[in-house]
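All figures in this text were calculated on a predicted structure; none of them were measured in a lab.
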Amino acid sequence: MKNSFHGRTIATISATGQPKYHEGFAPLFPGISYAEFNNEEELEAVLGDDTAILMIEPVQGEGGIRPAEKAFLKKARALCDEKKIVLIFDEVQCGMGRSGKVFAYENYDVVPDIVSLAKGLGAGYAVGAIIANEEVSQGFVPGTHATTFGGNPIATTAANVVLTALTEEGVLDNVNEASAYLVEGLNKLKNKYDKIIDVRGLGLLLAIELKEPVGPIIMKALDKGLMLINSGTHVIRFVPALTVSKTEIDEMLLILDALLTDF
Ligand SMILES: *Cc1c(COP(=O)(O)O)cnc(C)c1O
């Protein structure tokens, strides 16, 4: 998709639909077309008879925290079924509980053929994974591909601990409660400040869009002990730990409120 982000290997930089990430990495992996996110007509237009793969982030992370529309992902699934295209959801950022479900696609009733995972998968420990359905996984047997440290016991144990915490130890419930609480707080700020033009996201992958560049606010927040991150120039992204408490959210909102007054 245009505005997507898929990573820093040459293939995934190439798949990333933002020219700024391509700079300095030519030659890119060939044969990739991009469609506008959430635009069903453009999507249909780029999928040809020779298309092998369609890759989408259910929530665009680096592209400004933009959730897909349900109709868009349903259309993507239908087109892939019709044209025998493998549908990949890149859930590296929005997966592993971040969206309020283990997988972001569960919010959409659309099941991809392949899901990529990393970031939250190891909760700080470096590990990534791909999951494929039975049919597609036939194309990838032992020996097809490998990585030196793939499947190592420490990384896979970390991922197992995270999955258990999410599904059996209440972390996913906390994501949903904390999300509702944080959205309410951000909406209050939006009502208070004209310069906030949007509050959006899913679960604990949330954002506010401002009329002005957010860099100075983020720098100033650091001085107050608050680590924020932008997503593009005008968006502040909120991706707290999935175990975040209401007290911590209150503290964050107080600091942010003061900064928005100052700027
Ligand atoms: C972070 C991220 C990746 C991986 O990025 P690397 O820089 O290669 O670690 C892939 N996809 C999405 C959606 C991401 O947010």
Practice item. Find out if a path of hydrophobic residues (ILVMFWY) with successive side-chain heavy-atom gaps under 4.5 Å connects Ile88 to Val46. Key: no

Practice item. Check Arg98, Glu62, Glu57 against Gln93 for a side chain to side chain donor-acceptor pair (under 3.5 Å) and give me the one that passes. Key: Glu62

Practice item. Identify, with sequence neighbours excluded, every residue that meets salt bridge (charged side-chain N to carboxylate O under 4.0 Å, His left out) alongside Asp173. Key: none

Point to revise | Minimum-distance pair of heavy atoms, taken over all atoms of Ala104 and Cys94 | key: CB-SG, 3.6 Å

Exercise for review: Tell me, please, which residues at least two apart from Thr147 pass side chain to side chain contact (heavy atoms under 4.5 Å, CB included).
Suggested key: none

Point to revise | Shortest non-hydrogen separation from Val199 to Lys190 and the atoms involved | key: CG2-CD, 3.8 Å

Exercise for review: Evaluate the salt bridge (charged side-chain N to carboxylate O under 4.0 Å, His left out) criterion for residues Asp113 and Arg77: first the C-alpha distance (whole Å), next the side-chain angles of each, then the deciding distance (0.1 Å), finally the verdict.
Suggested key: CA-CA 9 Å; Asp113 300 301; Arg77 182 68 272 181; 3.1 Å; yes

Practice item. Sequence neighbours left out, what pairs pass side chain to side chain donor-acceptor pair (under 3.5 Å) with at least one residue falling in residues 14-33? Key: none

Point to revise | Contact list for residues 99-137, test ring-ring contact (aromatic ring centres under 6.0 Å, His included), sequence neighbours left out | key: Phe103-Tyr105

Check your understanding: Is it the case that one hydrophobic cluster holds both Met55 and Leu79, taking links as side-chain heavy atoms less than 4.5 Å apart, direct or via other members?
Key -> no

**Study point:** salt bridge (charged side-chain N to carboxylate O under 4.0 Å, His left out) partners for Lys74, two or more places apart
**Key:** none

Practice item. Mark yes when over 12 heavy atoms from residues, nucleotides or ligands other than Leu28 sit less than 6.0 Å from its CG; otherwise mark no. Key: yes

**Study point:** Non-hydrogen atoms of Met1 and Glu36 that approach each other most closely
**Key:** SD-O, 4.2 Å

Review point. Are Leu54 and Phe37 connected, step by step, through hydrophobic side chains (Ile, Leu, Val, Met, Phe, Trp, Tyr) whose heavy atoms are closer than 4.5 Å?
Key: yes

Practice item. Using the test salt bridge (charged side-chain N to carboxylate O under 4.0 Å, His left out), find all partners of Asp109 that sit at least two apart in sequence or belong to another chain. Key: Lys70

Review point. How about Tyr181 and Asp250: does a side-chain donor come under 3.5 Å of a side-chain acceptor?
Key: yes

